[in-house]
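Notes follow the structure.
Please read all numbers here as calculations on a predicted model, not as lab measurements.
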Amino acid sequence: VHGEEVRRLHWGMFVTWSLSTFSDRDWTFGHYDLSLFAATTVDVDGWVRAAKAAQMGYILFLTKHHDGFCLWDTNTTDFKVTRTRLGVDVLRLVSDACRRHGLKLALYFSLGDWTWIPRRYRPRFEPWREMPAPGSPVYWRTANAPVLRAQLTELLTAYGPVEFIWADHAIGPGGIELA
């Protein structure tokens, strides 16, 4: 989807409900404990109804941020929402709710993933002091490319239709190049 097509969708709701929702930080580098995601219920129909009432054209849903926590039931990692107390595929719920209420679904996906950083770089006590800088070669490891491709394949084939994907490469491209 190109910019003009997105503009025709009017405006949308960006839902960023993930580990950072339950922490005191915008980014959750160094948090690998699934118990941080403390949700026990979710009302995705409420999100979608609110977007519809505001005459929005789409929901842009955060599927994975740089922390690597997946909001869908991926086969690529156990660091995912279905392994938390909530125990449901939130993206599936959002996708189904968008269809029920007539909204388009768009996906936000971070190409970089802190769970791929070698353990020697992972923080012990002060995550922000020890975090490799955005763009650091540690994020460009091509060994991650098969996992990244598998995740994108899951997202784009199992939850559609997907109107567009926002591929965030703020901390690096994760070993693949996008055209």
Would you please name every residue forming a side-chain hydrogen bond (donor to acceptor under 3.5 Å, both in side chains) with [X], sequence neighbours left out?
X: S35; result: D33
X: S20; result: none
X: T82; result: D73

- Measure up the Y108 and F14 rings against each other and bin them: parallel (under 30°), tilted (30 to 60°), perpendicular (over 60°).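 Y108 vs F14 ring planes: tilted.
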- Message: Angle between ring planes, F69 versus F37, binned at 30° and 60°: parallel, tilted or perpendicular?
- Response: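 The rings of F69 and F37 sit tilted, inter-plane angle from 30° to 60°.
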- Message: Using modelled atom types and a 3.5 Å cut-off, is there a donor and acceptor pairing between side-chain atoms of R92 and backbone atoms of A158?
- Response: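 Yes, the answer is positive, given that a donor and an acceptor are paired below the 3.5 Å cut-off.
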- Message: Closer than 3.5 angstrom, by distance alone: can the side chain of E154 be matched with the main-chain N or O of N75 as a donor-acceptor pair?
- Response: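 Between the backbone of N75 and the side chain of E154 there is a qualifying donor-acceptor contact (under 3.5 Å).
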- Message: Can you pull out every ring pair (Phe, Tyr, Trp, His ring centres under 6.0 Å) where at least one residue sits in residues 87-106? Sequence neighbours excluded, please.
- Response: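 Output for this query is empty, none listed.
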- Query: How far apart are the C-alpha atoms of D45 and R100, what are their side-chain angles, what is the distance that settles it, and do they pass the salt bridge (charged side-chain N to carboxylate O under 4.0 Å, His left out) test?
  - Reply: CA-CA 9 Å; D45 278 297; R100 272 194 307 280; 2.9 Å; yes
- Item | With K104 via side-chain contact (heavy atoms from CB on, under 4.5 Å) - residues at least two apart |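 Counting only residues at least two positions away or on another chain, K104 forms a side-chain contact (heavy atoms from CB on, under 4.5 Å) with L9, Y58, E163.
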- Query: Is there a side chain to side chain contact (heavy atoms under 4.5 Å, CB included) between W47 and L93 once you walk through the steps?
  - Reply: CA-CA 11 Å; W47 298 342; L93 298 177; over 6 Å; no
Mind checking whether [X] and [Y] have side chains closer than 4.5 Å, heavy atoms only?
X: F109; Y: L155; result: yes
X: F22; Y: W17; result: yes
X: V81; Y: L86; result: yes

- Item | Verdict with reasoning, V94 to L105, per side chain to side chain contact (heavy atoms under 4.5 Å, CB included) | CA-CA 8 Å; V94 172; L105 174 66; 3.9 Å; yes
- Could you pull out all residues at least two apart from R83 that satisfy salt bridge (Lys or Arg N to Asp or Glu O under 4.0 Å)?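 Partners of R83 by the salt bridge (Lys or Arg N to Asp or Glu O under 4.0 Å) criterion come out as none, since no residue qualifies.
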- Item | Chi angles and distances behind the side chain to side chain contact (heavy atoms under 4.5 Å, CB included) call for L148, L111 | CA-CA 7 Å; L148 190 59; L111 296 170; 4.0 Å; yes
